[in-house]
Chemist: 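Pasting in a structure now, in structure tokens, and then I'll have a few things to ask.
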Amino acid sequence: MQVEIKESLEELEKAVKYATTASSKERLQMLYWLKSGQVTSRQAIARRADA
């Protein structure tokens, strides 16, 4: 999966912390996982989000 994430890890971490809705927090968390290399596929994101 090819995704370009322009925000830094620090910016994403801060955005997750201050997100005001569950859906935006979830989206930001997924971007953070991708940027940090914790997940590398859509299936890994789905498994991690369900955990």
Side-chain angles (χ1 to χ4, degrees):
M1 174 169 38
Q2 294 284 356
V3 176
E4 183 180 344
I5 304 169
K6 294 181 181 181
E7 295 82 358
S8 69
L9 281 174
E10 293 80 18
E11 290 171 319
L12 289 169
E13 189 173 25
K14 186 183 254 188
V16 168
K17 185 176 180 179
Y18 294 108
T20 57
T21 65
S23 61
S24 65
K25 186 170 188 161
E26 186 175 77
R27 272 188 246 113
L28 289 163
Q29 185 68 58
M30 289 179 201
L31 290 173
Y32 180 83
W33 292 337
L34 285 167
K35 181 82 172 192
S36 65
Q38 295 180 43
V39 296
T40 57
S41 70
R42 291 179 190 177
Q43 291 141 342
I45 291 172
R47 283 193 300 271
R48 189 144 190 188
D50 287 339

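The analysis underlying the following values was restricted to heavy atoms, covering all of them including side chains, and did not include hydrogens, waters or symmetry mates. Keep in mind it's a predicted model, so treat the numbers as computed, not measured.
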Chemist: Can you name the residues that form a side chain to side chain donor-acceptor pair (under 3.5 Å) with Glu7, not counting sequence neighbours?
Modeler: none
Chemist: Which atom names give the shortest non-hydrogen contact between Trp33 and Arg48, and what distance separates them?
Modeler: CH2-CG, 3.4 Å
Chemist: Could you state the interatomic distance from CD (Gln38) to CE (Met30), rounded to the nearest 0.5 Å?
Modeler: 13.0 Å
Chemist: Rounded at 0.5 Å granularity, tell me how far CG in Leu12 sits from CZ in Arg27.
Modeler: 13.5 Å
Chemist: For Arg47, what residues pass the side chain to side chain donor-acceptor pair (under 3.5 Å) criterion, not counting sequence neighbours?
Modeler: none
Chemist: Working to the nearest 0.5 angstrom, can you tell me the gap between Leu9 CG and Leu31 CG?
Modeler: 11.0 Å
Chemist: Tell me, please, which residues at least two apart from Val16 pass side-chain contact (heavy atoms from CB on, under 4.5 Å).
Modeler: Lys25, Leu28, Gln29
Chemist: Looking at every non-hydrogen atom in both residues, tell me the closest pair between Ser24 and Thr21 and how far apart they are.
Modeler: OG-OG1, 2.8 Å
